[in-house]
There are 2 protein chains.
Amino acid sequence: MTAVGPRAREGGARGPAGNVPEGYDPHAFEPFAVTVDLAVFTVRGGALHALLIRRGQEPYAGAWALPGGFVLPRESAELAARRELAEETGLPDDVVAGLHLEQLRTYSEPDRDPRMRVVSVAYTALVPDLPEPRGGGDAAHAEWIAFGTRGQLAFDHADILADARERVGAKLEYTCLATSFCPPEFTLGELRQVYETVWGTALDRPNFRRKVLATPGFVEQVAGASRLTGGRGKPAALYRAGPATALHPPLLRPEGRQT
Amino acid sequence: MTAVGPRAREGGARGPAGNVPEGYDPHAFEPFAVTVDLAVFTVRGGALHALLIRRGQEPYAGAWALPGGFVLPRESAELAARRELAEETGLPDDVVAGLHLEQLRTYSEPDRDPRMRVVSVAYTALVPDLPEPRGGGDAAHAEWIAFGTRGQLAFDHADILADARERVGAKLEYTCLATSFCPPEFTLGELRQVYETVWGTALDRPNFRRKVLATPGFVEQVAGASRLTGGRGKPAALYRAGPATALHPPLLRPEGRQT
DNA sequence: TCAAAAGTGTTGCGGATACACCCATGC
DNA sequence: GCATGGGTGTATCCGCAACACTTTTGA
């Protein structure tokens with residue numbers, strides 16, 4: 001079974017990546033399956049949640065797994081991730097099209113799937129607290145699980161989820177992505193809770209407010225609108241996500257780091 | 001031709017990523033080739049250089065391309081990248097084993113290679129200014145090219161190289177990776193030149209020195225050793241790379257950004 | 001009247017920038 | 001001696017953390 005193609009490098013006709021030697025037969029060697037895995041996060045009730053799916057078959061039957069699926073022959077990995085996201089979350093396609101999807105990393109250990117060689121491109125998505133993921137089709141099996149609640153995850157999905165969580169925490173420091181966790185209109189208190197939940201830290205309210213407002217394009221005030229948040233207290237002004245993507249200067253989490 | 005496997009999702013036996021539906025035939029669909037591409041950088045003579053290879057065959061015959069190659073059936077992508085790096089640079093295997101290799105991103109556009117579907121995992125490596133890459137085998141074709149000098153690159157390799165360069169610039173801000181560009185023992189002036197070259201900015205010498213020395217584990221002084229650098233001037237103390245990997249606080253490049 | 005949350009003001013400390021200044025070496 | 005690069009000291013400035021304080025609502 002050993003591949004003829006991959007080793008064909010004779011005669012200076014070497015194959016740099018993205019390059020196929022002459023006489024290469026696509027079917028001559030054991031193929032790689034290429035899939036996408038999705039680490040979809042939301043903030044719900046002061047806790048970080050991930051979208052997981054209960055597996056119904058071996059291997060890892062009964063375990064939780066990340067949503068995902070195969071990359072189709074004429075699809076980029078990002079498109080596949082977006083398609084799967086729409087299927088699993090039940091969100092309308094146009095909403096999914098506007099979501100921020102970030103490529104996390106590719107997992108390619110030879111034995112990560114016991115059945116065959118599967119190379120998986122992992123993506124991270126941040127979504128607002130949705131009513132419920134039950135949209136139709138695959139979404140029926142998906143559930144929001146509080147981070148760290150469930151035990152073992154299938155395959156290497158625990159690694160992927162941990163990597164994704166770490167990345168999200170770091171991203172909040174120097175990008176405007178926190179607004180992706182919020183509904184279209186939100187208060188600064190809600191935005192602050194996103195940071196506090198992901199970082200597991202309490203932030204100084206006045207200073208947080210100043211920093212956010214001092215970054216041009218991070219948030220834009222919705223004229224005249226306000227909303228009560230905790231039931232009590234002064235109604236808070238409402239804001240929309242602004243056009244900015246980067247955060248200068250960054251919003252650093254206090255104290256080295258805490259998980 | 002259209003895949004039976006990838007679409008097989010009937011009966012709740014859905015296939016999350018890293019998961020293969022029952023009855024899946026690995027050879028039933030058009031396979032994906034999985035390769036690695038390497039963006040290898042060095043600093044030579046005050047300019048950033050990338051390791052490139054001149055293509056000898058169509059498509060893109062005569063154009064420059066990134067080194068890389070196929071991931072073998074029992075190999076992770078990182079291992080493949082390390083193996084290719086050893087082959088292309090002619091460095092001894094044990095040196096390559098210690099080098100920092102970072103996964104950049106995966107490129108999966110369906111038509112990035114006109115011949116077949118190739119999904120490529122790109123890696124970035126930072127190496128000291130080596131004598132010459134001519135070691136043997138493939139390395140004979142590799143050359144260090146000053147960044148931006150050569151015109152069109154093959155495939156989407158110009159995108160990959162640009163992404164890698166951007167990432168390297170950002171990484172210098174908050175990691176200790178700059179020492180990877182330096183020989184085992186180096187002066188602070190050489191380290192500063194790495195930053196100045198990659199960022200294209202002049203840095204204040206005294207302040208740079210203080211920042212580097214203020215970060216525990218970034219560099220360690222080699223006791224008693226010193227070396228002349230520009231031929232003239234006071235001999236500079238020699239330093240080794242320390243055990244630290246992260247930079248707290250970060251070493252920010254002045255003024256928003258300049259390419 | 002009290003609690004809770006939003007919003008504003010102010011102060012003080014730490015760190016970085018921007019220099020001035022000495023040291024050692026080659027020409 | 002002078003140019004060149006290494007190394008040290010220092011004043012000023014800016015940012016931000018920490019906290020006090022006012023405002024507006026529900027109970």
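The structure presented is a predicted model; accordingly, all values stated were derived computationally and were not measured. Reckoned from all heavy atoms, side chains included, excluding hydrogens, waters and symmetry mates. Naming: A, B, ... by sequence-line order, numbering from 1 per chain.
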May I have the step-by-step check of side chain to side chain contact (heavy atoms under 4.5 Å, CB included) for A:Thr175 and A:Leu247, ending in yes or no? CA-CA 5 Å; A:Thr175 70; A:Leu247 219 48; 5.7 Å; no

Evaluation steps, side chain to side chain contact (heavy atoms under 4.5 Å, CB included), between B:Leu66 and B:Ile160: CA-CA 9 Å; B:Leu66 296 178; B:Ile160 299 177; 3.6 Å; yes

Carefully, step by step, assess B:Leu52 and B:Trp144 under the rule side chain to side chain contact (heavy atoms under 4.5 Å, CB included). CA-CA 6 Å; B:Leu52 296 179; B:Trp144 289 110; over 6 Å; no

Any chance you could lay out the side chain to side chain contact (heavy atoms under 4.5 Å, CB included) test for B:Leu101 and B:Val96, step after step, and finish with the verdict? CA-CA 9 Å; B:Leu101 255 189; B:Val96 169; over 6 Å; no

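One interatomic measurement links the two molecules: CG of A:Leu252 to P of D:dG15, which rounds to 15 Å at whole-angstrom precision. Here D:dG5 presents its C1' atom at 12 Å from CD of B:Glu196, a figure rounded to the nearest Å. We find that CG of A:Leu203 is positioned 15 Å from P of D:dC19, with the value rounded to whole Å. Atom pair A:Leu238:CG and C:dA6:P shows a separation of 12 Å (rounding to whole Å applied).
Between the side chain of B:Arg205 and the base of D:dG6, a donor-acceptor pair under 3.5 Å is found.
Residue pairs meeting the side-chain hydrogen bond (donor to acceptor under 3.5 Å, both in side chains) criterion with at least one member in residues 203-214 of chain B, sequence neighbours excluded: B:Asp204-B:Asn207, B:Asn207-B:Arg210.
A:Gln103 places a side-chain N or O within donor-acceptor distance of the main-chain N or O of B:Thr106, the cut-off being under 3.5 Å. In this structure, A:Thr215 contributes its side chain and A:Phe218 its backbone to no donor-acceptor pair below 3.5 Å.
Within residues 206-222 of chain A, the residues that have a heavy atom under 4.0 Å from DNA chain D are, in order of number, A:Pro206, A:Asn207, A:Arg210, A:Lys211. Within residues 180-191 of chain A, the residues approached by DNA chain C to less than 4.0 Å at the level of any non-hydrogen atom are A:Gly189, in residue-number order.
No cation-pi contact links A:Arg253 to A:Tyr195, judged by a cut-off of 6.0 Å to the six-membered ring centre and 45° from its axis. Relative to the ring axis of A:Phe147, A:Arg165 places its NZ or CZ within 45° and under 6.0 Å from the centre.
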Mind listing the N/O atom pairs, protein and nucleotides 24-27 of chain C, below 3.5 Å?
| residue | atom | partner | partner atom | Å |
| --- | --- | --- | --- | --- |
| C:dA24 | N3 | B:Lys234 | N | 3.4 |
| C:dT25 | O2 | B:Gly233 | N | 3.4 |

Using nucleotides 12-14 of chain D, report all nitrogen or oxygen pairs with the protein that are shorter than 3.5 Å.
none

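Among residues two or more places apart in sequence or in another chain, the side chain to side chain donor-acceptor pair (under 3.5 Å) test is passed with B:Ser108 by none.
Aromatic ring centres of B:Phe186 and B:Tyr239: separated by at least 6.0 Å.
Looking at every heavy atom in both residues, B:Pro128 comes nearest to B:Pro183 through CB-N, 4.0 Å.
Rounding to the nearest 0.5 angstrom, the gap separating the CZ atom in B:Phe208 from the CD atom in B:Gln193 is 10.5 Å.
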